[in-house]
Amino acid sequence: MSAVNDTKFQPAVFLLTGIFGQENIHVWISIPFFLIYVTSILGNSVILFIIKTDPTLHEPMYIFLSMLAITDLGIPIFTMPTTLAIFWFNSREISHDACFAQLFFIHSFTFTESSLLLCMAFDRFVAICNPLRYVSILTRPRIAKMGLVSLLRGVFLNFHLPILLKQYRYCQANILSHSYCLHQEVMTMACSDITVNIIYGFFVTVSSVGLDLLLILISYVMILKTVLSIASHTECLKALNTCVSHVCVVLLFYMPGIALSMIYRFMKSSSPLLQNVLGNVSMLIPPLMNPIVYSMKTKHIRVRIIRVFIK
């Protein structure tokens, strides 16, 4: 009898949410979302094509940028299908297994991107603080290992999330506040004890994204210390200018995510619309803006893009 009751009260699917309270204009809202999605795919694909086909760009900074572009392709690929399905077809249902798979890929790509931003900060640190050893430190085999470790780290830290979530029964409200699945929200749908998920999720976030951000801040403190010791004002500005793109990308990546995490942990009664908007910003804006920022602020990339479109 208890097994029958468990089946009765356990929802077979989760229900995703578009823009909260704006369901009547979802078709119109889908237009900027679709344009952002297409622009993100095209922008990062162009960055990859230019770096791959131009031997002069086969340098550490641009190799890391190509890795970042691959990550920025992955995030929208795993978030936009469910988002556009809601906007176009009002298809809100997602099975438990599909939801767990989606959140695994989203979090894995997010953690990998955080690691790559740390690698790029290290690249800028070596280039400015120890330029004479730049080539000997950042060799291609070492860069490849750094990229591989970043990917494996993201996958390994999130591999356990679907396994843990699959053990639970979901007998509470099954309506999610985003158009895709996130671990910090899905686990609250369970009617079981989720203490393990809370502790593990907090540990993983602090030891990966939190640690990456701390090390990036430390690297820039050391960069500033080195730059400020340069006598020439022109050389000082030139050195700092090489970091502007990376700083912008770091801010675009971490700020929305930090704001969303703070809301989930400390403002549980906050507006669902606020959570919804911040969630979309954290997933949509970095993949869109990263190629734009590097195209505008990096002369070599900008020149190659202009040549491609002129031809």
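Please read all numbers here as calculations on a predicted model, not as lab measurements. One is the number of the first residue; the rest follow in order along the sequence.
Between the side chain of His183 and the main chain of Gly201, no donor-acceptor pair closer than 3.5 Å is present. His178 contributes no side-chain N or O that, together with a main-chain N or O of Thr17, makes up a donor-acceptor pair within less than 3.5 Å. In this structure, the side chain of Asp123 does not engage the main chain of Cys119 through any donor-acceptor pair within 3.5 Å. At least one donor-acceptor pair closer than 3.5 Å links the side chain of Thr82 to the backbone N or O of Thr79. Remark: the backbone N or O of Gly279 is paired with a side-chain donor or acceptor of Tyr180 at under 3.5 angstrom. Looking only at distances, no side-chain donor or acceptor of Asn290 sits under 3.5 Å from a matching main-chain atom of Val249. Checked by atom type and distance alone, the side chain of Arg142 pairs as donor or acceptor with a backbone atom of Ile137 at under 3.5 Å. Remark: side-chain polar atoms of Asn197 are not paired, donor with acceptor, to backbone N or O of Leu161 under 3.5 angstrom. Under a 3.5 Å cut-off, the side chain of Ser219 and the backbone N or O of Ile216 do form a donor-acceptor pair.
Within the 4.5 Å cutoff, the side chain of Phe100 has heavy atoms near those of the Phe14 side chain. Within the 4.5 Å cutoff, the side chain of Phe125 has no heavy atoms near those of the Thr226 side chain. Looking only at side-chain heavy atoms (C-beta outward), Leu73 and Leu48 come within less than 4.5 Å of each other. The shortest side-chain heavy-atom distance between Ile128 and Cys243 falls under the 4.5 Å cut-off. The shortest side-chain heavy-atom distance between Ile47 and Ser295 falls under the 4.5 Å cut-off. Side-chain contact between Arg304 and Ile51: absent, with no pair of heavy atoms (C-beta onward) separated by less than 4.5 Å. Looking at Thr56 and His300, their side chains never come closer than 4.5 Å, going by heavy atoms from C-beta outward. Taking the side chain as every heavy atom from C-beta outward, Asp212 and Tyr254 approach each other to under 4.5 Å.
The side chain to side chain donor-acceptor pair (under 3.5 Å) test applied to Tyr220 returns His246, not counting sequence neighbours. Every residue was checked against the side chain to side chain donor-acceptor pair (under 3.5 Å) condition with His26, not counting sequence neighbours, and none meets it. Listed by chain and number, the residues in a side chain to side chain donor-acceptor pair (under 3.5 Å) with Thr83 are Ser179 (sequence neighbours excluded).
Hydrophobic clustering places Leu251 together with Phe64 (ILVMFWY residues linked when any side-chain heavy atoms are closer than 4.5 Å, directly or through intermediates). Criterion: ILVMFWY side-chain heavy atoms under 4.5 Å apart, direct or through other members. Under it, Ile218 and Val227 are part of a common hydrophobic cluster. When hydrophobic clusters are built by joining Ile, Leu, Val, Met, Phe, Trp and Tyr residues whose side-chain heavy atoms come closer than 4.5 Å, directly or via intermediates, Ile63 is not grouped with Val149. Grouping the Ile, Leu, Val, Met, Phe, Trp and Tyr side chains by contacts below 4.5 angstrom, directly or via other members, places Tyr62 apart from Val244. Both Phe33 and Phe89 are assigned to one and the same hydrophobic cluster, defined by single-linkage of ILVMFWY side chains at heavy-atom distances under 4.5 Å.
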Side chain to side chain donor-acceptor pair (under 3.5 Å) evaluation trace for Thr195 with Asp193: CA-CA 6 Å; Thr195 303; Asp193 183 7; 2.6 Å; yes

Pair Gln184-His107, side-chain contact (heavy atoms from CB on, under 4.5 Å): steps then yes or no: CA-CA 11 Å; Gln184 57 264 42; His107 288 296; 3.4 Å; yes

Mind running side chain to side chain donor-acceptor pair (under 3.5 Å) on His160 and Tyr200 for me, showing each step along the way? CA-CA 9 Å; His160 307 82; Tyr200 182 74; 3.1 Å; yes

Going through the distances and angles, do Ile36 and Met80 end up as a side-chain contact (heavy atoms from CB on, under 4.5 Å)? CA-CA 10 Å; Ile36 290 173; Met80 277 296 103; over 6 Å; no

Show the numbers, then the answer: is there a side-chain contact (heavy atoms from CB on, under 4.5 Å) between Val221 and Leu217? CA-CA 6 Å; Val221 168; Leu217 291 174; 5.5 Å; no

Would you sort out whether Ser150 and Met67 count as a side-chain contact (heavy atoms from CB on, under 4.5 Å), showing the intermediate values? CA-CA 10 Å; Ser150 297; Met67 294 178 184; over 6 Å; no

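Here the CD1-CD1 distance, from Ile86 to Ile29, works out to 11.5 Å after rounding to the nearest 0.5 Å. The CG atom of Leu65 sits 9.5 Å away from the CG atom of Leu57 when rounded to the nearest 0.5 Å. Rounding to the nearest 0.5 Å gives a distance of 12.0 Å between CZ of Arg302 and CD1 of Ile50. Note that CZ of Arg169 is 6.0 Å distant from OG of Ser192, once rounded to the nearest 0.5 Å. In this structure, CG in Asn174 is found 9.0 Å from CD in Glu93, a value given to the nearest 0.5 Å. Once rounded to the nearest 0.5 Å, the distance linking OG of Ser115 with CG of Leu68 reads 11.5 Å.
Pairing each heavy atom of Tyr294 with each of Ser245, the nearest pair is CE2-CB, 3.6 Å. Nearest heavy-atom pair, Val204 versus Phe111, reported as atom, atom and distance to 0.1 Å: CG1-CE2, 2.9 Å. Taking both residues in full, the closest heavy atoms of Thr112 and Gly154 are given as OG1-CA, 3.9 Å, listed atom of the first, atom of the second, then distance. Counting all heavy atoms, side chain and backbone alike, Val209 lies closest to Ser114 at CA-OG, 3.7 Å. Nearest heavy-atom pair across Ala69 and Asn44 is CA-OD1, 3.5 Å. Between Pro287 and Ser40, the shortest heavy-atom distance links the atoms C-OG, 3.7 Å.
A 6.0 Å sphere centred on OH of Tyr134 holds more than 12 heavy atoms belonging to other residues, nucleotides or ligands.
Under the salt bridge (Lys or Arg N to Asp or Glu O under 4.0 Å) criterion, no residue pair touches residues 60-86, with sequence neighbours excluded. For the disulfide (SG to SG under 2.5 Å) condition, the pairs that include at least one residue of residues 34-100, sequence neighbours left out, are Cys99-Cys181.
Under the 4.5 angstrom side-chain criterion for Ile, Leu, Val, Met, Phe, Trp and Tyr, the cluster partners of Leu152 are Leu148.
Ring centroids of Phe34 and Phe87 are separated by 6.0 Å or more, keeping the two rings apart.
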